[in-house]
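Read the structure below first, then the notes.
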Amino acid sequence: MIPMYVVDAFTDELFTGNPAAVCLVKKWPREKLMMNIAKENRFSETAFAIRRDANHYDLRWFTPGGEIDLCGHATLATAFVIFREAAPVDSDTIIFQTKESGQLAVTKKGDRYEMAFPSYDLKSVPVTVAMTAAFGAQPREAYLGRDLLCVFDDPETVIKMNPDQTKLAQLPGLLQNVTAQGQKYDCVSRSFAPKLAVAEDPVCGSGHCHIIPYWAHQLGKNELVAYQASARSGVLYCTYAGKTTKLAGKAVLYSAGQLNLSEKS
């Protein structure tokens with residue numbers, strides 16, 4: 001049996017935020033099994049974590065389309081589960097060792113969980129006809145890090161956007177993030193991931209490692225509150241610190257149970 005929890009991240013209300021599955025395992029299952037679990041769950045991410053000591057864990061993330069190098073909401077969800085189920089007595093911080101993103105720290109601060117993630121370097125790229133066709137609106141600017149980041153003038157354009165998933169998949173970047181300056185919040189955004197078999201990531205932590213560096217420079221401030229305007233929606237409390245972007249949010253447990261299979265399956 002493999003324990004699995006489902007957590008809504010970047011929210012304190014069920015059925016909002018970004019759902020992630022968290023599997024606590026004693027050793028890595030076969031990659032085919034982890035992929036099958038991710039496909040069966042159909043969340044944007046399923047996380048697998050192995051405990052090394054009281055506050056050190058190994059961590060991997062799988063989308064229905066394959067393993068990914070960095071995921072914010074599933075990291076927050078994993079830390080939330082660990083603090084609930086096996087909280088270290090002498091520390092408010094959990095350190096995750098990952099395959100491609102090194103060590104990631106998550107610190108519990110009241111009812112929020114703050115993650116320190118690497119910021120992506122953004123390279124300005126030309127706005128293309130293909131971008132406009134995919135999004136159904138012409139971006140003002142475009143940037144490329146791991147993901148594509150397209151900037152629009154009007155937040156309503158971002159909120160009401162209904163992009164063409166097939167055309168999105170032809171654009172550069174692992175994910176395609178869109179953003180505009182907000183009114184109630186510093187920025188509004190959405191994140192699409194057709195290359196990972198995810199039409200829209202409801203609240204994307206790694207996407208904000210592109211979005212927050214951009215808006216920190218544009219707005220001349222390092223403390224920002226970001227709103228992801230998916231149908232589920234979510235709020236991220238962010239701090240830009242150059243090479244590091246800190247993302248904080250809340251989480252709520254939806255379910256806890258056991259997968260009806262062994263780690264040798």
Side-chain angles (χ1 to χ4, degrees), residues 6 8-11 15-21 34-47 61-74 77 120 122-180 182 187-212 214 226-236:
V6 177
D8 290 340
F10 294 118
T11 183
F15 312 119
T16 63
N18 201 352
M34 291 191 282
M35 273 304 312
N36 283 338
I37 294 171
K39 289 178 180 178
E40 188 77 5
N41 287 335
R42 297 185 65 82
F43 298 129
S44 55
E45 267 84 17
T46 295
W61 313 274
F62 285 79
T63 76
E67 188 169 9
I68 195 170
D69 63 336
L70 183 64
C71 176
H73 84 281
Y120 285 102
L122 298 178
K123 177 184 177 182
S124 178
V125 295
V127 172
T128 64
V129 172
M131 292 176 190
T132 301
F135 294 120
Q138 183 174 334
R140 184 183 75 213
E141 302 171 79
Y143 297 85
L144 190 61
R146 182 198 70 177
D147 302 346
L148 178 67
L149 174 64
C150 287
V151 183
F152 293 83
D153 290 317
D154 187 350
E156 287 298 313
T157 300
V158 172
I159 293 168
K160 296 177 180 178
M161 186 174 290
N162 184 24
D164 184 309
Q165 294 288 323
T166 301
K167 292 178 180 178
L168 276 183
Q170 304 305 313
L171 297 181
L174 184 63
L175 280 73
Q176 291 72 46
N177 302 296
V178 294
T179 189
C187 58
V188 172
S189 65
R190 291 172 68 190
S191 298
F192 307 102
K195 295 178 184 178
L196 297 171
V198 176
E200 181 168 6
D201 194 359
V203 191
C204 184
S206 60
H208 279 81
C209 293
H210 301 72
I211 295 164
I212 294 305
Y214 172 83
Y227 177 69
Q228 191 118 50
S230 67
R232 293 180 63 97
S233 76
V235 177
L236 304 91

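Hydrogens, waters and symmetry mates are skipped; everything else that's a heavy atom, side chains included, is used.
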Quick one: does [X]'s side chain get under 4.5 Å of [Y]'s, heavy atoms only?
X      : Y      : value
Trp61  : Glu67  : no
Pro172 : Val125 : no
Thr11  : Val235 : no
Pro19  : Arg232 : yes
Met34  : Ile37  : no
Ser233 : Tyr227 : yes
Gln138 : Met131 : no
Leu236 : His208 : yes

| With sequence neighbours left out, which residue pairs that include part of residues 160-179 fulfil the salt bridge (Lys or Arg N to Asp or Glu O under 4.0 Å) condition? |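 Applying salt bridge (Lys or Arg N to Asp or Glu O under 4.0 Å) to every pair that reaches into residues 160-179, excluding sequence neighbours, yields Glu156-Lys160.
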
| field | Inter- and intrachain pairs under salt bridge (Lys or Arg N to Asp or Glu O under 4.0 Å), touching residues 125-134, at least two apart | value |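 Of all non-adjacent pairs touching residues 125-134, none passes salt bridge (Lys or Arg N to Asp or Glu O under 4.0 Å).
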
| said: What verdict does the side-chain hydrogen bond (donor to acceptor under 3.5 Å, both in side chains) test give for Gln228 and Ser191, after you've listed the backbone C-alpha separation in whole Å, the side-chain angles of each residue and the deciding distance to 0.1 Å? | reply: CA-CA 8 Å; Gln228 191 118 50; Ser191 298; 3.0 Å; yes

| request: State whether a side-chain donor-acceptor pair under 3.5 Å links Thr179 with Ser189. | output: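 Short answer, no.
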
| query | Hey, does the side chain of Lys195 reach the backbone of Gly173 with a donor-acceptor pair shorter than 3.5 angstrom? | reply |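 Side chain of Lys195 to backbone of Gly173: a pair is present.
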
| task | Spell out, as yes or no, whether a donor-acceptor pair under 3.5 Å connects the side chain of Arg190 to the backbone of Met161. | result |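 Yes; at least one donor-acceptor contact below 3.5 Å.
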
State which residues pass side chain to side chain donor-acceptor pair (under 3.5 Å) with [X]; sequence neighbours excluded, sorted by chain then number.
X      : result
Ser230 : none
Asp201 : Asn18, Ser44
Glu45  : none

| Tyr120 ring center within less than 6.0 Å of His210 ring center |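 Close enough - the centres of the two rings lie under 6.0 Å apart.
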
| Where do Thr157 and Phe135 land on the side chain to side chain contact (heavy atoms under 4.5 Å, CB included) test, with the steps shown first? | CA-CA 10 Å; Thr157 300; Phe135 294 120; over 6 Å; no

| task | Check the pair Phe62, Met35 against side chain to side chain contact (heavy atoms under 4.5 Å, CB included), reporting the backbone distance first and the verdict last. | result | CA-CA 7 Å; Phe62 285 79; Met35 273 304 312; 3.6 Å; yes

So which heavy atom on [X] is nearest to which on [Y], and how close?
X      : Y      : value
Pro194 : Leu168 : CG-CB, 3.8 Å
Leu196 : Thr63  : O-OG1, 3.4 Å
Asn41  : Ala21  : ND2-CB, 3.4 Å

What donor-acceptor contacts under 3.5 angstrom involve side-chain atoms of residues 140-152, with partners at least two apart or in another chain?
from, atom 1, to, atom 2, distance (Å)
Arg140, NH1, Asp153, OD1, 2.8
Arg140, NH2, Tyr214, OH, 3.1
Glu141, OE1, Tyr143, OH, 2.4
Glu141, OE2, Tyr214, OH, 2.7
Arg146, NH1, Asp69, OD1, 2.9
Arg146, NH1, Leu70, O, 3.4
Arg146, NH2, Ser206, OG, 2.7
Asp147, OD1, Leu175, N, 3.3
Asp147, OD2, Asn177, ND2, 3.1

